[in-house]
Number of protein chains: 2
Amino acid sequence: MPLTYFSHGTPAAERVNMVDLIRPDGYDHDFALFCAAHRRHNRDADRILAEYGLGRAHHRILFFLAVSPGMSVGDLCRTLDLTKQAFNPPLRTLLTDGWAEAAPAPEDRRRKQLRPTPKGRELEERLRNAKLAPFAAALDAAGPEAAAGWRAIMTSIAGTNLATLPPTPP
Amino acid sequence: MPLTYFSHGTPAAERVNMVDLIRPDGYDHDFALFCAAHRRHNRDADRILAEYGLGRAHHRILFFLAVSPGMSVGDLCRTLDLTKQAFNPPLRTLLTDGWAEAAPAPEDRRRKQLRPTPKGRELEERLRNAKLAPFAAALDAAGPEAAAGWRAIMTSIAGTNLATLPPTPP
DNA sequence: CGTAAAGGTCAATGCCCTTGACCTACTTTT
DNA sequence: AAAAGTAGGTCAAGGGCATTGACCTTTACG
């Protein structure tokens, strides 16, 4: 089944997630595919987050704490490109709900070392798996040479000048 | 050059867009690649939009008007999952700035047929090309068999149950 | 001791979205 | 023709989430 949007004349109720009939240009379909993949891998994680009353802001913090435990508040603010005022509410939720914990850094007790709790690690793992599972399944099923092609193309799309990209994963 | 985030111990200033050293799991790198590609293809379009004081909301409307000219306000609200109150400001901008135009539908003069002006089509084309160019270049450069693999994998990631995805392109 | 840094908090603001109510213009039903 | 319903626009109130600016405590360091 092809993937697209819709064409003029299609009833509004049926227009959602249909194929682009007006503009079947070379790469429009590939672009739509990319968008669909992106929404797919966000949807599952969002559902899990919603179970606990969390949002993507919490996930982003938890993600970086899992990758790099011990980051300070300032580190995370810079990494996520947030002010400390904006950063505080989601962090507070993570701390009071027991997803993360803070301890003063031994070498500089002004700084806080933030790290996920076991419960937080578990949640982050669940979220990560929800996002990774489609990649893992697709790349495994397609075989190593297709996976190599996929990686080459994705690297090319990502571009060489990665340093200029703002940091906003996941 | 590998693509990742950073590891604990990396100075905060250098942490942006570095490689994941702590968790080099199988598909974490692929996931990071996907995120980078996504940000890349948004960045260029955002820059163009900013030139004209527009945002992604305007782009989304313009995109659907280009794909399916003649949509009504209600059609677009349903498609974009917006209330008419939220939809009105960006639409107003598009109309008053000459990116789109409205005319009463001949068969039902309550409805408005919205369509891009030539100027609006041109902008949408620019935006679309900005988003498509990385795909086109990457897929062309990689050759047809790699492109086929890429498409198979992306289709697999997008999942079979596309109908359950909310409509939010581009 | 004085300065500076890390972190926290309060206030005001802006942007974008929501729901609810109410209005006009037009179409369809009765 | 009157009544009811639909498409669209607008006003008001409110929430979520980000911003800037100011001010505070705790800690580090010259």
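Each chain gets a letter, A, B and so on, in the order its sequence line appears, and its residues count up from 1.
Not a single donor-acceptor contact under 3.5 angstrom links the side-chain atoms of A:Arg110 to the base of D:dA28. Side-chain to base pairing of B:Lys84 with D:dG9: one donor and one acceptor N or O lie within less than 3.5 Å of each other.
The distance from atom NE2 of A:His58 to atom C1' of D:dC17 is 11 Å, rounded to the nearest whole Å. One interatomic measurement links the two molecules: CZ of A:Arg92 to P of D:dC17, which rounds to 16 Å at whole-angstrom precision.
Between A:Asn88 and C:dT9, a side-chain N or O to OP1/OP2 separation shorter than 4.0 Å is present. Side-chain nitrogen and oxygen atoms of B:Ser72 include none within less than 4.0 Å of the OP1 or OP2 phosphate oxygen of D:dA7. At the phosphate of C:dT27, neither OP1 nor OP2 sits under 4.0 Å from any side-chain N or O atom of B:Arg111.
With a 4.5 Å cut-off on side-chain heavy atoms, B:Thr155 and B:Trp150 do not count as touching. Looking only at side-chain heavy atoms (C-beta outward), B:His59 and B:Leu127 come within less than 4.5 Å of each other.
Between A:Phe34 and B:His38, the angle of the ring planes stays under 30°, which puts this pair in the parallel group of the 30/60° scheme.
Between A:Phe87 and B:Leu91, it is B:Leu91 whose nearest contact on DNA chain D lies nearer the 5' terminus.
B:Ser72 places no side-chain N or O within 3.5 Å of a backbone atom of B:Gln113 that could act as its donor or acceptor partner.
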